[in-house]
Amino acid sequence: MELMAIFISAVLVQNFVLYYFLGICPFLGVSKKIDSALSMGLAVTFVMSITAVVSWLINNLILIPYDLGYLQIVSFILVIASLVQLVEMFIRKISPPLYQALGIYLPLITTNCAIMGLALIAALNEYSFVETVIFGFGSGLGFTLAIVLMAGIREQLDLSDVPEPLKGAGIALIVAGIMALAFNGFIGMLT
Amino acid sequence: MTELLVPILTMTALGFLFSTGLVLAYKKLKVEEDPKIETVNEILPQANCGACGFSGCRAFAEAVVRGKAPVTGCPVGGEETAALVAETLGVDAGEMIKMVARLHCRGTTEAAKSRGCYSGIPTCYASHLVGGNKQCSYGCLGYGDCVKVCQFDALYMENNGLPVVREDTCTACGKCVDACPRNLFELHPLTQEVLVFCRSEDRGPMARKVCTAACIACGICARACPDAIVMENNLAVITDFRKIDPEKIPDIEKCPTDAIGRINKEEARDEG
């Protein structure tokens, strides 16, 4: 039951984008088309899941036993950067069009605060290994859900009559705000 | 000493671990590119103008190597480039007809009457938004939007208020076609001699009133050459220039307003 709560909390209630406001740059940058938003979400989910696992291993097998807690941030960054590099190579190999569609936002996953935030929050909450895996995967799914919903709304927005001054980033941020409001409603689920 | 060594060793070990992993992954996932793409890319003019329909010279090179674009697809490089590309890929280039942009208006400042004094932003686009500065609502506005977008220096403004295309430098990239708010440019084969130099769909008397070089839809040209020229919306239209009988050209040139005729004749007039 505890694991289920962590999972639901990561996907819906404490959604990284809409609750913590982490990882906003790809959320706004790659949410113009559902396909590329979904791919971005999956890439982030992949990086998040593996980051959660590897950073837990580093944190609990190396840093804590040897009293090296102060190396947490720098070693997590190393993990994330290497993983993103790997994902970039992988996507470039299997799908050049996707590589082009994600553009600069793909390497920017490296400095995506959602992923760093995930590693740090997991360490802070002292999750067990299984809990960390669930938390990492759930957070990734939460990010994917948020970005795909956003892309769906923005595809519709392209066809609607948006007031001239709000076109582009303005309406996107307003939509993001309304989505955050809606997601706030899930808080009741866990109490 | 250990206090210093442990973190250094830890970070070194981690760094070593991850970079080894990345090196191994890179060997597996390296993207093998056809070296021909680079060779073709170097042959191309690097104008990145997009006239070929791809997002740049490199994208075109990739498409050509994959067989998704014809070797003659680059209008900027013309026959020379096509031949080199064909040689690289070991295929036959075939024949390439050179295209040039042509202006479909002869409404010089003398010929076309002015509608008033326009003192807004000096671009064709802005002028067009408020209806233009000429009484003719189809003619060239003369602010040279086309000259500004031309990357190849193939257009210049003549003193008579109309842009002139330099046939030898024009690459038919189509930038001017897009830039003209009145769609007065069109790409034609260099070999096409006869053109309609008017886009006015006004009725004859009205067209004549606002511009002395307008097509007044009298139909003389269409009667001289019914296979190739038809009248549409008060305007002569050449449907297929190949069907124009060279012997009939003098009949076509009986046009009372010179709105249709040979191109060379216009050039001679520019020089004079």
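Nothing here was measured: the structure is a model prediction, and the numbers come from that model. Lettering of chains follows the sequences in order, A, B, ..., and the numbering in each one begins at 1.
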Once rounded to the nearest 0.5 Å, what's the spacing between atom CG of A:L68 and atom OG1 of B:T10?
5.0 Å
Within 6.0 angstrom of B:E87 CD, more than 12 heavy atoms from elsewhere:
no
Mark yes when over 12 heavy atoms from residues, nucleotides or ligands other than A:F7 sit less than 6.0 Å from its CZ; otherwise mark no.
yes
Could you tell me whether A:R92 atom CZ has more than 12 heavy atoms of other residues or ligands within 6.0 Å of it?
no
Counting only heavy atoms not in A:K93, do more than 12 sit closer than 6.0 Å to its NZ atom?
yes
Would you say A:E155 has more than 12 foreign heavy atoms packed within less than 6.0 Å of its CD?
yes
Verify the neighbour count for atom CD of B:Q151: are there more than 12 heavy atoms of other residues, nucleotides or ligands below 6.0 Å?
yes
Applying a strict 4.5 Å limit to non-hydrogen atoms, the region of A:L86 in contact with chain B is both
How about B:F54: does its CZ atom have over 12 heavy atoms from other parts shown lying under 6.0 Å from it?
yes
Flag the pair A:Y70 / B:P7 as yes when at least one side-chain heavy-atom distance between them is below 4.5 Å, and no otherwise.
yes
Under a 4.5 Å heavy-atom cut-off, does chain B meet the side chain of A:V54, its backbone, both or neither?
side chain
State the CD1-CG distance between A:I91 and B:L29, to the nearest 0.5 angstrom.
11.0 Å
Can you tell me which residue among A:I58, A:L71, A:V79 is in a side chain to side chain contact (heavy atoms under 4.5 Å, CB included) with B:L14?
A:I58
Other residues, nucleotides, ligands: >12 heavy atoms within 6.0 Å of A:I73 CD1:
no
Tabulate, in ascending numerical order, the residues of residues 15-28 of chain B having at least one heavy atom closer than 4.5 Å to a heavy atom of chain A, or enter 'none'.
B:G15, B:F18, B:L22, B:A25, B:Y26, B:K28
